[in-house]
Amino acid sequence: MLIPPEFYSAHDVVDIARLLLGKLLVTEIDGHRSSGIITETEAYAGVTDKASHAWGGRRTKRTEVMYMQGGTAYVYLCYGIHHLFNVVTHEEGTPHAVLIRAIEPVDGLDIMLQRRKMSKLTPALTAGPGALSQALGINTAMTGLSLFGNSVYIEERPVIPDTNIVAATRIGVNYAGDDALLPYRFYIKGNKYVSKGKGL
DNA sequence: CAGCAGATTGACT
DNA sequence: GTCAATCTGCTGC
């Protein structure tokens with residue numbers, strides 16, 4: 001069962017980031033279904049968040065998608081190589097988004113291994129924003145797609161209890177000054193499919 | 001219009 | 001542990 005549109009249009013992006021843990025992220029491409037449980041997320045709180053692309057109200061062709069209605073996929077190309085998958089939240093006109101940083105593989109293991117050019121399952125398959133996007137076949141062509149009735153969507157799953165969730169600072173955003181210290185990163189405690197980041 | 005840094009990963013010393 | 005790959009968009013000349 002799909003997560004309803006109201007879930008994404010809620011106003012507290014940090015709350016949504018936490019609730020997305022444990023949900024099932026699915027892609028269906030050329031008839032192939034691949035999916036994984038979301039194990040790690042980060043919130044990006046629009047114009048007031050220096051780490052966000054939309055900080056200060058910046059608006060470009062690329063970030064335009066962030067201003068769309070909650071429940072839209074925002075795929076951003078980072079370092080010219082890696083596709084980072086985000087879920088747009090809040091209502092139209094407010095550029096909030098949740099970055100999906102890691103998933104635990106569920107369906108389509110073979111096709112994921114093939115896409116990643118790997119032969120056996122390791123946490124590196126889907127632990128990391130660029131890695132999970134590649135494994136699921138997500139690319140910049142998916143940006144702007146709604147998560148309803150398209151090739152990418154999220155299925156409902158039981159909420160992870162707070163005792164199994166860890167809040168931490170975000171990764172790779174030290175340039176954002178004070179905002180880099182915000183506890184906007186969430187992951188499932190003890191799960192192997194959580195990205196390590198560079199330092200931390 | 002040229003230069004540079006970034007929500008990262010993987011290969012090499 | 002260190003460094004290159006490769007494209008978007010911001011900053012500065």
Side-chain angles (χ1 to χ4, degrees), chain A residues 8 13-14 16-18 20-21 25 36 38-68 70 72-90 94-105 112-144 152 154 166-188 192-200:
Chain A
Y8 302 109
V13 65
V14 177
I16 294 174
R18 185 161 45 81
L20 277 175
L21 290 176
L25 176 63
I38 297 171
T39 56
E40 184 178 0
T41 63
E42 281 182 10
Y44 284 84
V47 298
T48 62
D49 185 354
K50 293 195 187 70
S52 168
H53 290 154
W55 172 69
R58 288 203 301 260
R59 195 161 183 152
T60 67
K61 199 175 180 183
R62 221 62 183 183
T63 62
E64 188 69 20
V65 178
M66 292 186 77
Y67 291 82
M68 293 174 73
T72 302
Y74 170 45
V75 183
Y76 166 67
L77 188 62
C78 189
Y79 295 95
I81 304 174
H82 306 289
H83 303 279
L84 276 59
F85 177 75
N86 303 248
V87 177
V88 176
T89 69
H90 211 289
T94 306
H96 287 193
V98 175
L99 168 68
I100 308 299
R101 290 193 56 84
I103 63 173
E104 177 178 339
M112 285 196 270
L113 287 170
Q114 200 177 331
R115 289 190 185 116
R116 295 273 289 138
K117 295 181 172 37
M118 296 173 75
S119 54
K120 108 180 193 224
L121 177 62
T122 70
L125 180 68
T126 54
L132 79 87
S133 297
Q134 189 181 14
L136 290 177
I138 290 171
N139 58 64
T140 53
M142 317 260 265
T143 203
V152 56
I154 301 177
V166 180
T169 54
R170 289 174 293 185
I171 291 178
V173 293
N174 292 337
Y175 63 89
D178 292 343
D179 286 337
L181 301 176
L182 294 170
Y184 278 7
R185 171 175 170 245
F186 300 97
Y187 59 93
I188 298 177
K192 283 183 302 188
Y193 297 91
V194 170
S195 69
K196 299 287 185 290
K198 211 152 193 182
L200 209 89

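What you see is a predicted model; the values in this text were computed from it and never measured.
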Task: Minimum heavy-atom distance A:Ile171-A:Ser195, with the two atoms named - done: CD1-OG, 4.1 Å
Output the rounded distance in Å from [atom1] ([X]) to [atom2] ([N]).
{"X": "A:Ile171", "N": "B:dG6", "atom1": "CD1", "atom2": "P", "answer": "16 Å"}
{"X": "A:Tyr44", "N": "B:dG6", "atom1": "OH", "atom2": "C1'", "answer": "11 Å"}
{"X": "A:Arg116", "N": "B:dT8", "atom1": "CZ", "atom2": "P", "answer": "14 Å"}
{"X": "A:Trp55", "N": "B:dG6", "atom1": "CH2", "atom2": "C1'", "answer": "15 Å"}
{"X": "A:Arg170", "N": "B:dG6", "atom1": "CZ", "atom2": "C1'", "answer": "14 Å"}
{"X": "A:Leu132", "N": "B:dT9", "atom1": "CG", "atom2": "C1'", "answer": "13 Å"}
{"X": "A:Asp179", "N": "B:dG6", "atom1": "CG", "atom2": "P", "answer": "16 Å"}

Can you give me the N/O atom pairs linking the protein to nucleotides 6-9 of chain C at distances under 3.5 Å, or say none if there are none?
from	atom 1	to	atom 2	distance (Å)
C:dT6	O2	A:Tyr79	O	2.0
C:dG9	OP1	A:Thr60	OG1	3.4
C:dG9	OP1	A:Arg62	N	3.2

Donor-acceptor list for residues 74-81 of chain A side chains, cut-off 3.5 Å, not counting sequence neighbours:
from	atom 1	to	atom 2	distance (Å)
A:Tyr74	OH	A:His53	ND1	3.1

Task: Those residues that, when tested against A:Ala17, pass side-chain contact (heavy atoms from CB on, under 4.5 Å) (two or more places apart) - done: A:Thr41, A:Ala43, A:Val98, A:Phe186
Open item on the list: The criterion is side-chain contact (heavy atoms from CB on, under 4.5 Å); which residues satisfy it with A:Val166, sequence neighbours excluded?
Closed with: A:Tyr187, A:Lys189
TODO: Kindly say if A:Arg101 contacts the phosphate of B:dT8, meaning a side-chain N or O under 4.0 Å from OP1 or OP2.
DONE: yes
Open item on the list: My understanding is that only residues two or more places apart in sequence, or in another chain, count here; which of them pass salt bridge (charged side-chain N to carboxylate O under 4.0 Å, His left out) with A:Arg18?
Closed with: A:Asp15, A:Asp162
Task: salt bridge (charged side-chain N to carboxylate O under 4.0 Å, His left out) involving A:Arg59 - partner list, sequence neighbours excluded - done: A:Glu64
- [ ] Check DNA chain C for consecutive Watson-Crick or G-U pairs with both distances under 3.5 Å and list the runs of at least three as stems.
- [x] B:1-6 with C:7-12, B:8-12 with C:1-5
Check the interface with nucleotides 2-5 of chain B: list each N/O to N/O pair with the protein under 3.5 Å, or write none.
none

How would you list, by chain and number, every residue that makes a side-chain hydrogen bond (donor to acceptor under 3.5 Å, both in side chains) with [X], sequence neighbours excluded?
{"X": "A:Asp49", "result": "A:Arg170"}
{"X": "A:Arg58", "result": "none"}
{"X": "A:Thr63", "result": "A:Thr60"}
{"X": "A:Thr140", "result": "none"}

Open item on the list: At 4.0 Å (heavy atoms only), tell me whether A:Ala124 reaches a base, stays on the sugar-phosphate, or touches nothing.
Closed with: nothing
- [ ] Pick base, sugar-phosphate or nothing for A:Arg59, based on heavy-atom distances below 4.0 Å to the nucleic acid.
- [x] nothing
Task: With A:Gln134, the side-chain hydrogen bond (donor to acceptor under 3.5 Å, both in side chains) member among A:Lys117, A:Arg116, A:His82 - done: A:Arg116
